[in-house]
Amino acid sequence: MPDTDPTVGPSPERAGPKARTGAFLGVPIEVTISVGKARPLVSELVELRRDSVLTLDSSIDDPVELYIGDRLIARGELQELGDDSGRLGVRLTEVADFSNDI
């Protein structure tokens, strides 16, 4: 028997790819920003204490990478937000092409 309630809309099985994708647009997702890597020895790791500094392989001006899970989705530059909060943001300089993923 077909759906007769006009507020329900088509079921995901009968909807096209865009309708199925649109259902997920309101879902929050965690993005990880990678600013660099460190390769300390295990002996150096066990010596870490409060106020220790772990040196990264990048400088403050190097691009950062944005990941969802293990997938690189973009690159950008760190920026301090101009709202006096001391928080950081990322200005995107490159974004992956997902047009073939749908």
Side-chain angles (χ1 to χ4, degrees):
M1 177 177 240
D3 294 338
T4 57
D5 185 347
T7 62
V8 173
S11 67
E13 296 82 28
R14 293 187 307 218
K18 287 193 178 208
R20 286 192 300 266
T21 302
F24 296 102
L25 294 179
V27 177
I29 189 164
E30 184 171 296
V31 176
T32 301
I33 312 300
S34 176
V35 297
K37 295 179 183 170
R39 292 188 55 98
L41 300 172
V42 172
S43 61
E44 294 171 321
L45 283 178
V46 298
E47 297 291 322
L48 290 176
R49 302 287 181 258
R50 183 182 173 132
D51 295 327
S52 295
V53 175
L54 191 59
T55 303
L56 302 177
D57 64 352
S58 59
S59 72
I60 194 73
D61 295 322
D62 287 344
V64 297
E65 296 178 329
L66 288 75
Y67 290 90
I68 296 177
D70 292 335
R71 184 164 185 181
L72 177 65
I73 61 162
R75 289 189 177 89
E77 303 167 345
L78 285 179
Q79 292 197 329
E80 187 172 0
L81 299 180
D83 59 3
D84 296 326
S85 66
R87 295 185 309 159
L88 295 174
V90 178
R91 177 180 303 278
L92 300 182
T93 58
E94 298 175 52
V95 177
D97 180 7
F98 299 110
S99 61
N100 294 327
D101 292 351
I102 297 177

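The first residue of the sequence shown is numbered 1, and numbering continues consecutively from there. Every value quoted in this text rests on a predicted model; they were computed, and no experiment measured them.
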A.B. asks: Please give me the minimum heavy-atom distance between G86 and E80, naming the atom from each residue.
C.D. replies: CA-OE2, 3.7 Å
A.B. asks: For a side chain to side chain contact (heavy atoms under 4.5 Å, CB included) check, start with the C-alpha distance between L81 and L88, then their side-chain angles and the critical distance, and finish with the verdict.
C.D. replies: CA-CA 6 Å; L81 299 180; L88 295 174; over 6 Å; no
A.B. asks: Using side-chain contact (heavy atoms from CB on, under 4.5 Å) as the criterion, list what pairs up with A38, not counting sequence neighbours.
C.D. replies: P40, L54, L56
A.B. asks: Using the rule given for side chain to side chain contact (heavy atoms under 4.5 Å, CB included), can you reason through I73 versus F98, listing the C-alpha separation, both sets of side-chain angles and the distance that settles it, and then say yes or no?
C.D. replies: CA-CA 9 Å; I73 61 162; F98 299 110; 3.6 Å; yes
A.B. asks: Name all residues meeting the side-chain contact (heavy atoms from CB on, under 4.5 Å) criterion together with Q79; count only those two or more places apart in sequence or in a different chain, and write none if there are none.
C.D. replies: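 So Q79 forms a side-chain contact (heavy atoms from CB on, under 4.5 Å) with R91.
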A.B. asks: Drop me the distance from E77's CD to I60's CD1, to the nearest 0.5 angstrom.
C.D. replies: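 Output value for this atom pair is 11.5 Å.
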A.B. asks: Which residue pairs pass the salt bridge (charged side-chain N to carboxylate O under 4.0 Å, His left out) test when at least one of the two sits in residues 40-65, sequence neighbours left out?
C.D. replies: E65-R75
A.B. asks: Going by the rule salt bridge (charged side-chain N to carboxylate O under 4.0 Å, His left out), which residues pair with R87 if we only count those two or more places apart in sequence or in a different chain?
C.D. replies: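 In terms of salt bridge (charged side-chain N to carboxylate O under 4.0 Å, His left out), with neighbours along the sequence ignored, R87 is linked to D83.
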A.B. asks: When clusters are formed from ILVMFWY side-chain contacts under 4.5 Å, directly or step by step, what else is grouped with Y67?
C.D. replies: L72
A.B. asks: Which atom names give the shortest non-hydrogen contact between G36 and S58, and what distance separates them?
C.D. replies: CA-OG, 3.6 Å
A.B. asks: Just do the side chain to side chain contact (heavy atoms under 4.5 Å, CB included) check on L66 and T32 with the steps written out, would you?
C.D. replies: CA-CA 6 Å; L66 288 75; T32 301; over 6 Å; no
A.B. asks: Following the transitive rule for hydrophobic clusters with a side-chain heavy-atom cut-off under 4.5 Å over Ile, Leu, Val, Met, Phe, Trp and Tyr, establish whether V64 and I29 coincide in one cluster.
C.D. replies: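 In one cluster with V64: I29, yes.
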